[in-house]
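Comments concern the structure below.
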Amino acid sequence: CGVIVYGKDFTQDLHTFQKMVFGVMGMFAIALAILVAILLVIERSITGPIEKISTMMERLSLGERNLSFRFRIERNDEIGRMSNAFNLFIRRMENLKNFKEITEEDESLEDVYNRITMLLKDTFQLSTFTIYEVNNSKNHLKPVCVEGAPEGGLWCDKDILTNANHCRAKRISKDVSSFVNPEICPRFFGDDTVRTYCIPVIIGESSGLIVQIVFNVENQKRIKETTIERIKQYLFEAAPVIGSKRLVGLLRETTTVDALTGLLNRRFLGDSADTLSAGVLRRGALMGILMLDIDFFKQVNDTYGHETGDKVLMQVAAILKGAVRQSDVVVRYGGEEFLILLMEVSEAKTEAVAEKIRVAMEAASFPVPGGVLKKTISIGTAVFPSDTDNFWKCVKFADVALYKAKESGRNRVVVYEQGMWNQEEY
């Protein structure tokens with residue numbers, strides 16, 4: 001056997017080598033840590049804005065109504081461009097929301113048409129267009145706005161005014177464009193220097209408005225598809241408002257207005273229910289239905305007489321009209337019972353409006369001989385087509401909820417729940 005003996009010099013060399021290895025490893029670890037930190041910073045600078053945008057998109061999909069937020073990202077890379085694009089998207093959504101809210105509060109149909117006219121002129125910088133109102137019962141077209149047409153005339157043959165089916169866009173209820181095929185509509189009078197794009201606005205189940213935009217061929221490139229699509233978004237938002245106001249205007253010309261309260265009557269509901277419900281279904285929207293009944297109203301007539309009772313009904317009608325939008329429909333359903341159709345609202349908003357009405361009634365004072373009277377109201381609500389896609393069945397559901405409100409003590413709002421009504425008849 002042999003014995004190996006390490007000398008002192010070799011041991012020192014070994015220790016020196018170990019220190020060198022550990023030193024290199026330490027420097028490598030530090031460099032690796034710095035690299036990881038840099039990567040984390042880079043990742044955070046990328047994922048941070050993306051996470052913000054993703055969060056806001058999720059909030060929008062869940063019904064976020066506040067569109068005033070903006071991202072402040074000062075950079076010229078893809079993240080900055082994405083942030084700017086998102087801000088543009090939000091700004092346009094906010095403009096759409098504001099446009100819809102303003103048109104809902106417009107007093108008349110003419111005001112809505114004027115607002116669309118100003119939108120096309122100011123927002124989209126258009127100077128040649130025509131807006132036609134469609135009268136489907138008479139099959140007529142009526143120009144309600146003409147901008148930049150040949151002097152004293154229209155861009156189309158005037159026979160479309162007395163026979164609306166000559167208008168291709170009205171007849172097929174689809175967009176008509178002469179961009180690709182200049183000969184697509186024989187009623188268009190434009191020469192080789194102009195093109196037309198006609199947009200039918202669907203109200204209910206048929207064309208209710210035709211917006212014809214005329215472009216100079218030289219400016220055709222400026223009018224991109226995105227511009228047309230943006231215009232159509234605004235028209236889509238205006239459609240239910242136009243539909244509601246046209247119905248109200250039509251009813252004033254018939255016997256569908258209650259003489260006492262000035263509200264629409266039950267006949268109106270029978271005549272227009274199909275149109276209203278079809279429009280809601282087509283747009284994929286919701287319509288809140290409220291059935292309302294004045295609590296112990298018979299006591300008013302018995303105590304103070306029918307003249308005072310009529311005055312109470314008129315004041316109640318004013319309260320109801322003041323609590324809803326111009327685009328909503330208020331009906332005197334019979335006696336002291338009323339019905340309200342809230343156009344394009346959520347289930348939560350339907351209940352909130354009902355509660356607003358209940359509180360307003362509770363706070364109101366009704367003049368009677370010898371003093372004032374306090375009255376309350378009971379309300380049942382249902383939502384079409386969430387509760388059922390049958391309009392009249394949904395009205396029955398709201399009536400059942402009203403019965404529950406009166407049965408449980410009156411002066412309250414009851415929301416219809418599945419199981420409250422199990423019978424087939426309604």
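- Nearest heavy-atom pair across Cys145 and Thr117 is SG-OG1, 3.3 Å.
- For Ser277, the side chain to side chain contact (heavy atoms under 4.5 Å, CB included) partners at least two apart in sequence or on another chain are Phe384, Phe391.
- For residues 275-286, every residue pair satisfying the salt bridge (charged side-chain N to carboxylate O under 4.0 Å, His left out) rule, not counting sequence neighbours, is listed here: Arg283-Glu344.
- The CG atom of Asn114 sits 12.5 Å away from atom CG of Leu119, with the distance rounded to the nearest 0.5 Å.
- Within 6.0 Å of atom CG in Asn181, more than 12 heavy atoms from other residues, nucleotides or ligands are found, so the atom counts as buried in its surroundings.
- Contact detail for Leu313 and Thr261: the closest heavy-atom pair is O-CG2, 4.0 Å.
- Look at Lys245 and Asp111 and you find no salt bridge, because none of the NZ, NE, NH1 or NH2 atoms lies under 4.0 Å from a carboxylate O.
- Residues passing the side chain to side chain contact (heavy atoms under 4.5 Å, CB included) test with Pro369, sequence neighbours excluded: Tyr304, Thr308.
- A search for side chain to side chain contact (heavy atoms under 4.5 Å, CB included) contacts involving Glu110 returns Ser108, not counting sequence neighbours.
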Pairs under 3.5 angstrom only: tabulate donor-acceptor contacts from the side chains of residues 328-341 to other protein residues two or more places apart or in another chain.
{"unit_1": "Asp328", "atom_1": "OD1", "unit_2": "Arg325", "atom_2": "NE", "d": "3.4"}
{"unit_1": "Asp328", "atom_1": "OD1", "unit_2": "Arg325", "atom_2": "NH2", "d": "2.7"}
{"unit_1": "Asp328", "atom_1": "OD1", "unit_2": "Met343", "atom_2": "N", "d": "2.9"}
{"unit_1": "Asp328", "atom_1": "OD2", "unit_2": "Arg325", "atom_2": "N", "d": "3.0"}
{"unit_1": "Asp328", "atom_1": "OD2", "unit_2": "Arg325", "atom_2": "NE", "d": "3.1"}
{"unit_1": "Arg332", "atom_1": "NE", "unit_2": "Gly335", "atom_2": "O", "d": "3.0"}
{"unit_1": "Arg332", "atom_1": "NH1", "unit_2": "Asp258", "atom_2": "OD1", "d": "3.4"}
{"unit_1": "Arg332", "atom_1": "NH1", "unit_2": "Asp258", "atom_2": "OD2", "d": "3.3"}
{"unit_1": "Arg332", "atom_1": "NH2", "unit_2": "Gly335", "atom_2": "O", "d": "3.2"}
{"unit_1": "Tyr333", "atom_1": "OH", "unit_2": "Arg266", "atom_2": "NH2", "d": "3.2"}

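- The list of salt bridge (charged side-chain N to carboxylate O under 4.0 Å, His left out) pairs with a residue in residues 356-375, not counting sequence neighbours, reads Glu355-Arg358, Arg358-Glu362.
- For Thr376, the side chain to side chain donor-acceptor pair (under 3.5 Å) criterion is met by Asp295, not counting sequence neighbours.
- For Ser346 (side chain) and Lys349 (main-chain N/O), a donor-acceptor pair under 3.5 Å exists by modelled atom type.
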Candidate pair Gln418 and Thr388, rule side chain to side chain contact (heavy atoms under 4.5 Å, CB included), full reasoning:
CA-CA 10 Å; Gln418 296 299 324; Thr388 173; over 6 Å; no

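- Closest heavy-atom contact between Ala382 and Ala398: CB-N, 3.8 Å.
- A donor-acceptor contact under 3.5 angstrom links the side chains of Ser207 and Ser173, judged on distance only.
- Screening Tyr197, Trp155, Phe179 for a ring-ring contact (aromatic ring centres under 6.0 Å, His included) involving Phe215 leaves a single residue, Phe179.
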Test side chain to side chain contact (heavy atoms under 4.5 Å, CB included) applied to Thr196 and Cys185, step by step
CA-CA 9 Å; Thr196 183; Cys185 184; 5.6 Å; no

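- Residues in residues 297-319 take part in these salt bridge (charged side-chain N to carboxylate O under 4.0 Å, His left out) pairs, two or more places apart or across chains: Lys298-Asp302.
- Listed by chain and number, the residues in a side chain to side chain contact (heavy atoms under 4.5 Å, CB included) with Ala354 are Leu290, Ile379, Thr381, Val413 (sequence neighbours excluded).
- With Arg168 as the partner, the side-chain contact (heavy atoms from CB on, under 4.5 Å) test is satisfied by one option alone out of Ile210, Ile160, Val176: Val176.
- Atom CZ of Phe297 has more than 12 heavy atoms from other residues, nucleotides or ligands within 6.0 Å.
- The closest donor-acceptor contact from the side chain of Asn265 to the backbone of Phe268 lies under 3.5 Å.
- Side-chain contact check for Pro385 versus Leu286: some heavy-atom pair is nearer than 4.5 Å.
- Residues passing the salt bridge (Lys or Arg N to Asp or Glu O under 4.0 Å) test with Glu407: none are found, sequence neighbours excluded.
- The salt bridge (charged side-chain N to carboxylate O under 4.0 Å, His left out) analysis of residues 121-146, with sequence neighbours excluded, yields the pairs Lys121-Glu147.
- With hydrogens and angles disregarded, a donor-acceptor distance shorter than 3.5 Å links the side chain of Ser244 to the backbone of Ser327.
- Considering only residues two or more places apart in sequence or on other chains, Arg230 meets the salt bridge (Lys or Arg N to Asp or Glu O under 4.0 Å) condition with none of them.
- Of the residues listed (Lys158, Arg171, Arg187), the one engaging His166 in a side chain to side chain donor-acceptor pair (under 3.5 Å) is Arg187, and it is the only one.
- By the neighbour-count criterion of 12 heavy atoms within 6.0 Å, atom CD of Glu105 is densely surrounded, having more than that number from other residues, nucleotides or ligands.
- In this structure, the side chain of Thr123 does not engage the main chain of Leu120 through any donor-acceptor pair within 3.5 Å.
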